[in-house]
Amino acid sequence: MGKTLAEKVLARAGGEKEVSPGQIIEAEVDLAMTHDNNGPVMINQFNRLPGAKVWNPDRVVVIIDHHSPATSFRAAENHRTLRKFAAKHELKHFFDCGEGVSHVILRQKGFVKPGMVMVGSDSHSVAGGALGAFATGIGATEMAAVLARGKLWLRVPETVKITLHGRLPVGVMARDVALFLLGQFGPDGLDYKAVEVHGSGIKGWDIEERAALCTMGVEMGTKAMMVPADEVTLVYAGVAQDLGYVPDLDAQYERDLQYDLGGLAPMVSKPFLPTNAVPVGEVLGTRIDQGVIGSCAGGSLPDLEIAARILEGKQVRKGVRLIITPSSKENWIRADEKGLLKILKQAGAVVSSPACGACGGYEIGCLAPGEVCISTTTRNMPGRMGPGGEVYLASAATVAASALAGEIVDPRPYLNERPAWVS
Amino acid sequence: MAELVQGRIWVLGDDISTDHILPSRYMAEIRPEELRRHVLEGVARDFPRKIEAGDILVAGRNMGYGSSREQAILALKAAGIKAIVARSYSRIFFRNCINNGFLAVACPGLPKGLKDREVMTIDPGGGRIQVAGEEFSCEPFPEVLLAVLKHGGLIEYLAVNPQEYRR
Ligand code: SF4
């Protein structure tokens, strides 16, 4: 019987000939990531293991991204704790303030490869599935154990196959597909499942767009959200195709679902769940105080490009703050080289250094009670950007257009003209 | 692990996220005495003041949805919460509970309409819960988890099994 991609990867990592859903395996970890948000808790736990050493200092990546540059005295202390730990254990891969968001760095610096088992002490580690890795989030204590052991137990999940057909209309983005799917499944609709994404709909997407989709998968509970490796993946990751990177043709799926992207509208997730997704038409006219373009699922180059296209030569509505946080140094530099940052700044946006930024309300881009923000970040639970604040999640296009209007608008009419610099 | 746990309950809804349990703005904080002051602030501002040591949380579906932050569990522990009973759990949160030796019991048949401050008794070994004069069964723990829970957490388990990690 054929196996899904998740089953093939976990069989390899578990040293088993084959595995089936429900089976519990001990998986060897190929890559482990932690960051400043829970690295300090992890270190406390690691230090409680007498004489523990890091199982393989080359396979651990430590990144400062959540409170970066240090947003408080306590954050500064946590950063120092991480730097010391990395030095003491001779961890080879340490990224300090200003490099970007962990999940983005992992793919852009070439750490994530198809067929890997990757764990991160962050729920959005599922982002690695964009490259066909079995990538999943774990907590800080578990990460301490992974660092000491290089393995962890995993229950082999059932796999749900999602096939996307058709082409996205102009002004509708990968991010809208993510919100649409969240709305279809709800906050625990794919809990504990591995998802495989297939179809002509995503073939033309670059890795950043695939990552925007996979990263958001965890908001409906997915344990892993994987795009089997194709030409785009192989070129990006610099590897040759391997049977271990793709599912068997006769793989058994728990569910096999098809969606057509051709008629999709821009989507907006209303407070207070990322899965409260509705077509933008249902929230038109909602007054906003702030717009945010950033996060591991919304601060990519395609996001900055479409924002610049909408904002070029115009001004952000008076009374609205627009905060743009490129998700990595690489995206920041490339956006700068393309002249995008200048356009964004001239339109009145505040462009901040690559990090998580306002995504978690970490002392930047906070909301006062009653204020409303439209954002490309990942979550909109109560208090996410400050107690009493409300967050609507949308695409970079919808955020940029709404920042001009001062209220939530459909971005499509803003994209009719094609500026000269768009190739 | 085999001991009965008894306490007053606080009833929460479905999809209680880790942002509800400990809003992300407190994430740079790792001191228990600070964390406890903000526990469940995302549900209600006055929650931290209502909770007493020994209380039990009762939740609906998808308890612990969202971020992997373990500070959420550290905050619950610091506030003296003894256990959680939920209809179902979000994956990472459930693992985090067990890894921290914190009793999290899944009870899909838990009735709606339970009231705050009712007394609940959990028999983790026997897989049973008593509340409001009724008894319910809960899901058994897989063996890997039982071993961890018995030792009071993953680190405690590894510390007495040093052959399991690199030294
Ligand atoms: S950008 Fe937001 S969701 Fe992504 S890692 Fe940072 S805080 Fe988490």
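Protein chains get the first letters and strands the later ones, always in sequence-line order, with residue 1 at the start of each.
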statement: Looking only at heavy atoms, the pair that brings A/Tyr192 and B/Tyr89 closest together is CE1-O, 3.5 Å

- prompt: What part of B/Thr18 is in contact with chain A, defined as an atom under 4.5 angstrom from a non-hydrogen atom: side chain, backbone, both or neither?
  reply: neither

Part of A/Ser121 lying under 4.5 Å from any heavy atom of chain B: backbone

message: How close do B/Ile92 and A/Gly139 get, counting heavy atoms only, and between which atoms?
response: CG2-N, 3.9 Å

message: What's the separation between atom OG in B/Ser68 and atom CD1 in A/Ile138, rounded to the nearest 0.5 Å?
response: 8.5 Å

- line: For B/Ala159 and A/Pro50, the nearest pair of non-hydrogen atoms, with its separation, is CB-CD, 4.2 Å

message: For a side-chain contact (heavy atoms from CB on, under 4.5 Å) check, start with the C-alpha distance between B/Tyr65 and A/Glu219, then their side-chain angles and the critical distance, and finish with the verdict.
response: CA-CA 8 Å; B/Tyr65 174 55; A/Glu219 307 304 333; 3.8 Å; yes

message: Given heavy-atom pairs under 4.5 angstrom as the criterion, report whether the side chain, backbone, both or neither of A/Asp36 touches chain B.
response: neither

- request: For each of B/Arg167, B/Arg95, B/Glu156, tally heavy-atom pairs with chain A at distances under 4.5 Å, and name the one with the top tally.
  value: B/Arg95

message: Report which part of A/Leu49 has an atom under 4.5 Å of a heavy atom belonging to chain B: side chain, backbone, both, or neither.
response: both

field: Heavy atoms of other groups near A/Glu90 CD, more than 12 under 6.0 Å
entry: no

message: For the interface with chain B, which of A/Ala140, A/Pro274, A/Gly383 has the highest count of heavy-atom pairs at distances below 4.5 Å?
response: A/Ala140

query: What closest approach, in Å, do B/Ser90 and A/Asp191 show between heavy atoms, and which atom pair accounts for it?
result: CA-OD2, 3.9 Å

Under 4.5 Å from a heavy atom of chain A, the part of B/Ile73 involved: neither

- request: Could you have a look at A/Thr275, A/Leu147, A/Val54, A/Thr378 and say which one has the most heavy-atom pairs with chain B under 4.5 angstrom?
  value: A/Val54

message: Tell me if the NZ atom of A/Lys84 is crowded by more than 12 foreign heavy atoms within 6.0 Å.
response: no

statement: Honestly, the part of B/Asn96 sitting under 4.5 Å from a heavy atom of chain A is side chain

Separation of B/Leu74 CG from A/Thr141 OG1 (nearest 0.5 Å): 7.0 Å

- prompt: Do the side chain of A/Arg149 and the main chain of B/Tyr165 share a donor and acceptor less than 3.5 angstrom apart?
  reply: no

message: Working note: B/Val148 + A/Trp153, criterion side-chain contact (heavy atoms from CB on, under 4.5 Å); need CA distance, chi angles, decisive distance, verdict.
response: CA-CA 12 Å; B/Val148 171; A/Trp153 70 269; 5.7 Å; no

message: So does A/Pro187 get a backbone contact from the side chain of B/Arg61, meaning a donor-acceptor N/O pair under 3.5 Å?
response: no

query: If you draw a 6.0 Å radius around CD in B/Glu135, do more than 12 non-hydrogen atoms from other residues or ligands fall strictly inside?
result: yes

field: Part of B/Ser17 lying under 4.5 Å from any heavy atom of chain A
entry: side chain

message: What part of A/Arg48 gets within 4.5 angstrom of chain B, counting heavy atoms only: side chain, backbone, both, or neither?
response: both

- prompt: Is the closest side-chain heavy-atom distance between A/Pro387 and B/Arg45 below 4.5 Å?
  reply: yes

message: Counting only non-hydrogen atoms closer than 4.5 Å, does B/Ile98 touch chain A with its backbone (N, CA, C, O), its side chain (CB onward), both, or neither?
response: neither

- request: Give, as side chain, backbone, both or neither, the part of A/Leu273 having an atom under 4.5 angstrom from any heavy atom of chain B.
  value: side chain

- request: Tell me, for B/Ile155 versus chain A, whether the close heavy atoms (under 4.5 Å) come from the side chain, the backbone, both or neither.
  value: both

Point-to-point distance, once rounded to the nearest 0.5 Å, from CG of A/Asp188 to CG of B/Asn62: 4.0 Å

- prompt: What is the distance from atom CD of B/Glu70 to atom CE of A/Met42, rounded to the nearest 0.5 Å?
  reply: 11.0 Å

task: Please report the C-alpha distance between A/Gln45 and B/Asn100 in whole Å, then the side-chain angles of each, then the deciding distance to 0.1 Å, and finally whether the side-chain contact (heavy atoms from CB on, under 4.5 Å) criterion is met.
output: CA-CA 10 Å; A/Gln45 297 289 57; B/Asn100 280 282; 3.6 Å; yes

query: Is it true that the side chains of A/Thr136 and B/Arg91 contain a donor and an acceptor less than 3.5 Å apart?
result: yes

- request: With a 4.5 angstrom heavy-atom cut-off, could you sort out which part of B/Gln71 is near chain A: side chain, backbone, both or neither?
  value: side chain

message: For the CD1 atom of A/Ile24 and the CG atom of B/Leu145, what is their distance to the nearest 0.5 Å?
response: 6.5 Å

